[in-house]
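First the structure, in the form of structure tokens, and then the observations on it.
These numbers come from the heavy atoms of this one structure, side chains and all, not from hydrogens, waters or symmetry mates.
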Amino acid sequence: MTAIQMTFNDPLLVVIAGPTAVGKTPFGIELAGTCSTEIISADSRQFYREMKIGTAAPSREELAKVPHHFVHHLSIHETYNVSRFEADALALLDNLFDKHRIAVMVGGSGLYIDAVCRGIDHLPDPDPVIRNDLKELLSVSGIEALRDELYKSDPEYAKVVDLANPARLLRALEVCRATGVPYSTLRSNKSKQRPFRILKLALELPRDLLYERIDNRVDRMLENGLFEEALALYPQRHLNALNTVGYRELFDHFEGLTSLEYAVTKIKTNSRRYAKRQLTWFKKDQDYKWFMPDDIGRVLELPECKMQKANIKIKNQL
RNA sequence: ACGGGUGUAGCUCAACUGGUAGAGUGGCGGUCUCCAAAACCGUAGGCUGUGGGUUCAAAUCCUACCACCCGUG
């Protein structure tokens with residue numbers, strides 16, 4: 001219903017998603033460059049300026065080709081979450097659409113992309129004290145304790161959550177404790193209307209090829225100094241941002257728990273698993289149109305993009 | 001060449017004195033409205049190197065062969 005109200009004159013957000021290492025970055029730059037617009041990153045780890053190598057963030061040269069937003073704009077010491085990203089991205093898009101008819105969002109963090117496209121219920125920012133208390137409860141009394149509290153404070157949610165997943169329980173309970181209201185009553189599960197059209201594209205490669213690319217990229221990261229980058233961050237390893245593939249495995253090595261060789265193998269394995277989870281997430285969303293990383297030509301022929309190119313031509317002629 | 005050892009799931013290994021094979025890991029699939037590159041769940045893989053033999057019954061015992069490892073030459 002809502003989509004029907006949109007016309008080709010409304011601004012367009014093109015989303016480029018896909019598993020890690022599939023080639024989203026060059027694809028996005030090519031597309032944004034052709035449409036002479038800017039890129040919004042939706043990669044929850046490329047936000048952090050201290051993590052350049054291990055997150056395969058766009059290179060200096062790539063960043064110079066097209067204006068990027070939300071790349072290296074945070075420090076690992078800052079707390080950030082999807083809700084803030086939604087707000088930041090919407091504010092930015094509002095600005096971008098003053099100058100451009102099209103914007104490109106590139107990233108692999110499904111939850112973050114969905115927050116921009118569909119919205120996320122607005123809940124109070126987590127209270128670090130409550131969060132720590134709950135973590136304490138978990139480590140001392142186990143997941144049972146979390147379940148027991150959830151049965152009392154939000155029996156409805158207890159029916160639908162994965163009761164084996166501490167992260168889910170922690171989240172629900174921190175909201176219950178902070179608001180004094182059952183978490184489930186604050187979840188609307190409704191998509192929000194956006195003042196722009198959205199075109200969702202996802203990139204894919206045959207599994208064996210993707211895995212090969214992942215392995216190679218990890219090797220390249222190490223050549224480029226991932227070891228040194230991680231070593232420098234080692235003292236801050238407890239920060240959440242660093243609980244990330246490519247760093248945690250090396251931290252284990254620095255700790256003396258594993259060999260370097262093992263750590264590298266583990267980085268590759270965990271990256272593959274991450275890629276699989278990303279694919280599962282994006283495949284579930286029927287809105288995505290799937291392309292190969294070298295299909296940029298076909299994408300530019302899509303009616304939405306064609307129109308944009310036409311507009312550029314007209315502008316240039318004037 | 002001789003002596004010893006090992007051959008079990010893609011990989012690393014289990015299976016007491018014979019009772020028709022298990023685990024970790026990887027693979028595959030999925031969940032997920034906020035610390036998400038996180039957290040969690042579910043599955044499929046083995047004619048036990050090959051051929052004989054003993055036995056009601058063999059991964060397990062005997063035998064031949066093959067492969068690999070160690071030692072001596």
Side-chain angles (χ1 to χ4, degrees), chain A residues 17-22 24 41-48 51 53-57 74 76-89 107-128 130-132 134-135 138 143 146 157 160-175 178 183-192 207-208 211 214-215 217-218 221 226 230 238-250 258 262 265-285:
Chain A
T20 190
V22 78
K24 296 186 292 295
S41 169
D43 243 293
S44 72
R45 293 295 126 126
Q46 292 181 4
F47 296 161
Y48 301 102
M51 303 162 70
I53 300 169
T55 58
L74 297 175
I76 53 174
H77 297 281
E78 294 176 68
T79 52
Y80 201 71
N81 56 44
V82 205
S83 171
R84 291 196 191 183
F85 180 74
E86 181 199 20
D88 290 348
S109 304
L111 183 66
Y112 282 62
I113 293 172
D114 286 354
V116 173
C117 296
R118 293 203 259 272
I120 191 163
D121 291 320
H122 191 264
L123 300 175
D125 262 359
D127 177 345
I130 294 178
R131 184 170 274 187
N132 277 332
L134 285 165
K135 277 184 189 168
L138 173 63
I143 195 167
L146 298 184
Y157 191 58
V160 295
V161 251
D162 177 1
L163 289 167
N165 190 335
R168 291 286 117 69
L169 305 185
L170 284 171
R171 171 60 184 159
L173 290 176
E174 77 178 8
V175 174
Y183 175 56
S184 55
T185 63
L186 302 170
R187 281 159 45 98
S188 75
N189 252 328
K190 277 181 196 150
S191 290
K192 289 180 195 163
R207 193 64 65 89
D208 51 349
Y211 284 3
I214 288 173
D215 289 353
R217 195 175 68 175
V218 171
M221 284 177 179
L226 177 59
H238 56 276
L239 293 174
N240 178 65
L242 291 172
N243 180 203
T244 298
V245 181
Y247 296 88
R248 55 195 333 206
E249 297 85 354
L250 285 171
T258 67
Y262 182 83
T265 306
K266 243 1 199 172
I267 292 175
K268 292 175 180 174
T269 303
N270 289 334
S271 298
R272 288 198 287 270
R273 290 178 158 173
Y274 173 48
K276 172 60 181 78
R277 274 178 272 133
Q278 289 175 300
L279 283 167
T280 302
W281 184 291
F282 297 127
K283 289 271 155 119
K284 195 181 168 189
D285 185 340

Q: Indicate yes or no: does Arg118(A) engage Asp114(A) in a salt bridge with an N to O separation below 4.0 Å.
A: yes
Q) Mind checking what makes ring-ring contact (aromatic ring centres under 6.0 Å, His included) contact with Tyr80(A), not counting sequence neighbours? A) Phe47(A), His73(A)
Q. To the nearest angstrom, how far is Ile113(A) atom CD1 from A36(B) atom C1'?
A. 12 Å
Q. Looking at the side chain of Tyr183(A), which of C41(B), U31(B), U33(B) is the nearest nucleotide?
A. U33(B)
Q: Take atom CH2 of Trp281(A) and atom C1' of A36(B), then tell me their distance rounded to the nearest Å.
A: 7 Å
Q) Within this structure, what is the CZ-to-P distance between Arg45(A) and A38(B), rounded to whole angstrom? A) 7 Å
Q) What does Leu123(A) touch in the nucleic acid at a heavy-atom separation under 4.0 angstrom: a base, only the sugar-phosphate, or nothing? A) base
Q: Take the protein atom CG of Asp162(A) and the nucleotide atom C1' of A38(B), then report the distance between them rounded to whole Å.
A: 14 Å
Q) Which label fits G4(B), syn or anti, where anti is any glycosidic angle not within 90° of 0? A) anti
(Q) Using only modelled atom types and a 3.5 angstrom limit, is any donor from either the side chain of Arg171(A) or the base of A36(B) paired with an acceptor on the other? (A) no
Q. When rounded to the nearest Å, what value does the distance between C1' atoms of C13(B) and G46(B) take?
A. 14 Å
Q. Sequence neighbours excluded, which residues qualify as side chain to side chain donor-acceptor pair (under 3.5 Å) partners of Thr258(A)?
A. none
Q | Length of the CG-C1' vector between Asn243(A) and A38(B), whole Å | A | 6 Å
Could you run down the sub-3.5 Å N/O contacts of the protein with nucleotides 25-28 of chain B?
unit_1, atom_1, unit_2, atom_2, d
G26(B), OP1, Lys266(A), NZ, 3.0
G26(B), OP1, Arg273(A), NH1, 3.3
G26(B), OP1, Arg273(A), NH2, 3.1
G26(B), OP2, Arg273(A), NH2, 2.6
G27(B), OP1, Arg272(A), NE, 3.0
C28(B), OP1, Arg207(A), NH1, 3.3
C28(B), OP1, Tyr211(A), OH, 3.3
C28(B), OP2, Tyr211(A), OH, 3.1

Q: List for me each residue that meets side chain to side chain donor-acceptor pair (under 3.5 Å) alongside Arg207(A), sequence neighbours excluded, and say none if there are none.
A: Tyr211(A)
Q: Kindly point out which of C41(B), A39(B), C34(B) is positioned nearest to the side chain of Arg248(A)?
A: A39(B)
Q. With a 4.0 Å cut-off on heavy atoms, is Asp125(A) in touch with a base, just the backbone sugar-phosphate, or nothing at all?
A. nothing
Q) Quick one: Arg131(A) CZ to A39(B) C1', roughly how many Å, whole number? A) 12 Å
Q: Give the minimum heavy-atom separation between Asn81(A) and Pro126(A), together with the two atoms involved.
A: ND2-CD, 4.0 Å
Q: Return the minimal non-hydrogen interatomic distance between Ser83(A) and His122(A), and the atom names on each side.
A: OG-CD2, 4.2 Å
Q | Residues Lys192(A) and Glu86(A) bridged, charged N to O under 4.0 Å | A | yes
Q) Which heavy-atom pair separates Ser41(A) from Gln46(A) by the least distance, and what is that distance? A) OG-OE1, 3.9 Å
Q: Return the value, rounded to whole Å, for the distance between atom CG of Asp127(A) and atom C1' of C34(B).
A: 15 Å
Q) With sugar-phosphate meaning primed atoms plus P, OP1 and OP2, does Ser83(A) contact a base, only sugar-phosphate, or nothing at under 4.0 Å between heavy atoms? A) base
Q.
Need one value for His238(A): base, sugar-phosphate or nothing, where a base atom within 4.0 Å counts as base even if backbone is also close, heavy atoms only.
A. nothing
**Q.** Distance in angstrom units between Glu174(A) CD and A38(B) P, rounded
**A.** 19 Å
Q) Which of the following nucleotides, U33(B), C34(B), C40(B), is nearest to the side chain of Asp121(A)? A) U33(B)
Q: Using a heavy-atom cut-off of under 4.0 Å over every strand shown, decide if Gly54(A) touches base, sugar-phosphate, or nothing.
A: base
Q | RNA chain B base-pair string [pairs: Watson-Crick or G-U under 3.5 Å; |: paired with another strand] | A | (((((((..((((.....[..)))).(((((.......))))).....(((((..]....)))))))))))).
Q.
Using a heavy-atom cut-off of 4.0 Å across all strands, would you classify Gln278(A) as base, sugar-phosphate, or nothing?
A. nothing
(Q) Give me the atom names and distance for the closest heavy-atom approach of Leu134(A) to Leu146(A). (A) O-CD2, 4.1 Å
Q.
What's Phe85(A) touching, base or sugar-phosphate or nothing? Going by heavy atoms closer than 4.0 Å.
A. nothing
Q. When the C1' atoms of G27(B) and U63(B) are considered, how many whole Å apart are they?
A. 39 Å
Q. Residues two or more places apart in sequence or in another chain: which of them pass side chain to side chain contact (heavy atoms under 4.5 Å, CB included) with Arg187(A)?
A. Asp121(A), Tyr157(A), Tyr183(A), Asn189(A)
Q) Taking atom C1' in both G45(B) and U50(B), what distance in whole Å separates the two? A) 22 Å
Q | Donor-acceptor side-chain pairing of Thr20(A) and Arg217(A) below 3.5 angstrom | A | yes
